[in-house]
Structure formats: C-alpha cells, structure tokens
Amino acid sequence: MPELPEMEAWRRALDDPVAAFPIEKAGPAHVATLKTFDPPLSALDGRRLAGAKRRAKRLLFPTEDGELVLLVHLMSAGRLRYLKAGEKGPKTPAFRLLFEGGGQLVLTEGGPKKRAGVWLLTPEAAEAELEHLGPEALGLGAKRLGEILADQPRRLHSLLRDQRVIAGIGRAWANEILHAAKLSPFAPAQGLSPGQVQTLADAIDSELERGLELRERGAKDAKVYRVHNKLDEPCHVCGTPIARVDFEEHTIYYCPQCQTGGRVLKDRRLSRLLR
Ligand SMILES: [Zn+2]
C-alpha cells in the first residue's frame, strides 16, 4: 500500500495539472469505487480544482470555490494518473475526471477487487471523514512523539502503523524507520528513553524524506526500501542478513544485529499457540 512518501510524491505531481483547467465532465465511476451519491458527481462539472492536497494516505482535491472536496483513497492497488490531452488512457478506469483542454485524471485499480474509493463531499463532511486521523508523521518532532508514546503500552511497529495515533506510516515505512532508529519492532512504546524518542523522531523524518525524494525521481520499491521485503539480503549498515517475523496479520522485516541485540524474534503466531 502506498504510504506517506508515495502519496506525497503523487500529490506534488498532480497539484499543478489538476488546477490548470476547469472540469468538463466528472465520471464515469465504477459503482464500487464511488462511495457517495449526494452531492452527485455532476456537481463538479464546470468547476475548477484548487490543486491537490494530502492528509495521511488520502488525496484531497478541493474545488476553487470552496464548496466541494473530492477525496481519494487508493488502498493497496489503486493508481491515480494525469493524462495529457491526446495521451492514451485505460478503457474502463475506476474513476475519471475530464478537464477542459482534454487532460484527464484517471484512477485505475489492478486486480478484480475494487477497494480504492472516491468520495465527493462538502468541506464539513470531508473534515468529519478525516477526523479520526492522528497527526501527520512527517515533521512530528520528538516532543509530540514523546507525548504520544508515553500513553502507549503497545509495541512500536504496530503503534507506528495505527493511523489514529500517527498518520501516514504503514508496514513498509515502519520497517524502514525502526531499522534506521535501531529499535526493535516489538519494543513497547512506553519504555523508550528520551534519547530513543529523539532518535525515533529523527528516523521518522529522515526515512520519510528519503522515500519522498526517491519516489519523486520515480524510484521503484526495490531501490526505495532497504529493509522491507529484503529477507536474507545483507543489512546495509552491518551486513547481517535481514530477518522476517510474522506477527498477527502481517510480516515485519528487521536486522537482528542493528535492532534486537542479536536476538532473532520468534513468530508470534506460532509462539502464542505453543505457550
Ligand atoms: Zn544491521
């Protein structure tokens, strides 16, 4: 699933093109993709967008007149692209905006499952839709992070991915951030020293910024990630093979030398069964 660096790179790429011309026609939209019916999509026709904004992993396209907001959540397989006039697009996009001048914003989704969503909302409804999200991960800072962690007995990897606590980090960037901070994915959040909180805050910023910079240059996963999905590849810091542990519904990648003092973490699902 695209996370903060991926979404922010897309936001920056879309910001100017979507505001260049008024919308000529909004839609069509796949019935499973469009999550709202009032106001109707046609309410966008003739209006101009004020650019692309982002909150956590969602993209927001407010209209210039301040009356409507188009909210897009790509989930894991959705892709949003701007096609210039005359550029060939997909035959049946999940969602499409046609602009005057012939440019198009198209949402496509690989695979049979339609999970990506598009909402057309009033600004008040958009605010309510985003209300549950925690503060943005990028630029959070050690002070705020320390306050958040102090209340949390949960383990770091799970906590970092909880959008209600900190918004924008998912599985991949949690792996990258915890490796950069040299912290165990299973360390309880409450137990961090002030120095470790500072290190973690720095790692959140440096890793998300590194990701954003690479994504803006079009880099693919294999180049962007150094720990995530790198099982048995040498750690870029110490050379130890990257390890993997299955935990609940997902998989964590980490370096046993850099992050867990040489200990290999047990598969939590298995160890729970054997306890
Ligand atoms: Zn290492």
Side-chain angles (χ1 to χ4, degrees), residues 1-6 8-9 57 76 137-142 145-146 148-150 152-162 165-166 168-272 274:
M1 182 181 291
E3 302 174 25
L4 191 152
E6 291 73 35
E8 180 60 19
K57 302 174 192 172
S76 47
L138 189 57
L140 192 60
L145 180 64
I148 290 169
L149 299 186
Q152 298 283 350
R154 289 160 61 196
R155 298 174 191 280
L156 283 177
H157 197 281
S158 147
L159 186 77
L160 286 179
R161 291 182 295 108
D162 186 341
V165 179
I166 297 171
I169 299 170
R171 294 185 301 170
W173 287 104
N175 287 330
E176 300 297 321
I177 288 164
L178 289 171
H179 182 270
K182 293 187 159 43
L183 289 168
S184 165
F186 288 168
Q190 268 175 341
L192 297 194
S193 69
Q196 286 174 317
V197 172
Q198 182 68 57
T199 304
L200 181 56
D202 292 346
I204 290 173
D205 283 348
S206 63
E207 282 302 299
L208 295 180
E209 273 163 13
R210 181 178 70 81
L212 175 55
E213 189 191 316
L214 286 166
R215 293 299 189 187
E216 280 203 275
R217 286 195 263 136
K220 304 282 182 237
D221 290 358
K223 184 169 169 130
V224 173
Y225 300 137
R226 301 189 290 198
V227 183
H228 180 69
N229 276 344
K230 300 286 186 186
L231 181 65
D232 290 336
E233 292 183 34
C235 166
H236 71 95
V237 176
C238 75
T240 302
I242 295 295
R244 184 176 76 186
V245 58
D246 290 318
F247 185 54
E248 289 167 1
E249 81 291 6
H250 66 279
T251 297
I252 293 170
Y253 295 86
Y254 69 102
C255 170
Q257 187 61 40
C258 290
Q259 292 176 261
T260 56
R263 276 183 307 120
V264 172
L265 301 173
K266 287 212 181 73
D267 182 325
R268 290 294 164 134
R269 292 182 298 194
L270 187 62
S271 57
R272 190 175 299 153
L274 297 177

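Counting starts at 1 for both ligands and their atoms, following the listed order. It should be emphasised that the depicted structure is a prediction, and the values quoted were computed from it without experimental measurement.
Residue R171 places its CZ atom among 12 or fewer non-hydrogen atoms of other residues, nucleotides or ligands, all under 6.0 Å distant.
Classification of D221 and K230 as a salt-bridged pair fails, no side-chain N sitting under 4.0 Å from a carboxylate O. Using a 4.0 Å cut-off between charged side-chain N and carboxylate O, E207 and R210 make a salt bridge.
At a cut-off of 2.8 Å, measuring from the Zn ion (ligand 1), the protein N, O or S atoms that fall short of it are C235 SG, C238 SG, C255 SG, C258 SG, waters left aside.
Across all non-hydrogen atoms, the minimal contact from F186 to V245 is CZ-CG1, 4.1 Å.
When atom types are taken as modelled, the side chain of E3 and the backbone of A172 share a donor-acceptor pair closer than 3.5 angstrom.
Here the two rings, on H236 and H179, have centers that are under 6.0 Å apart.
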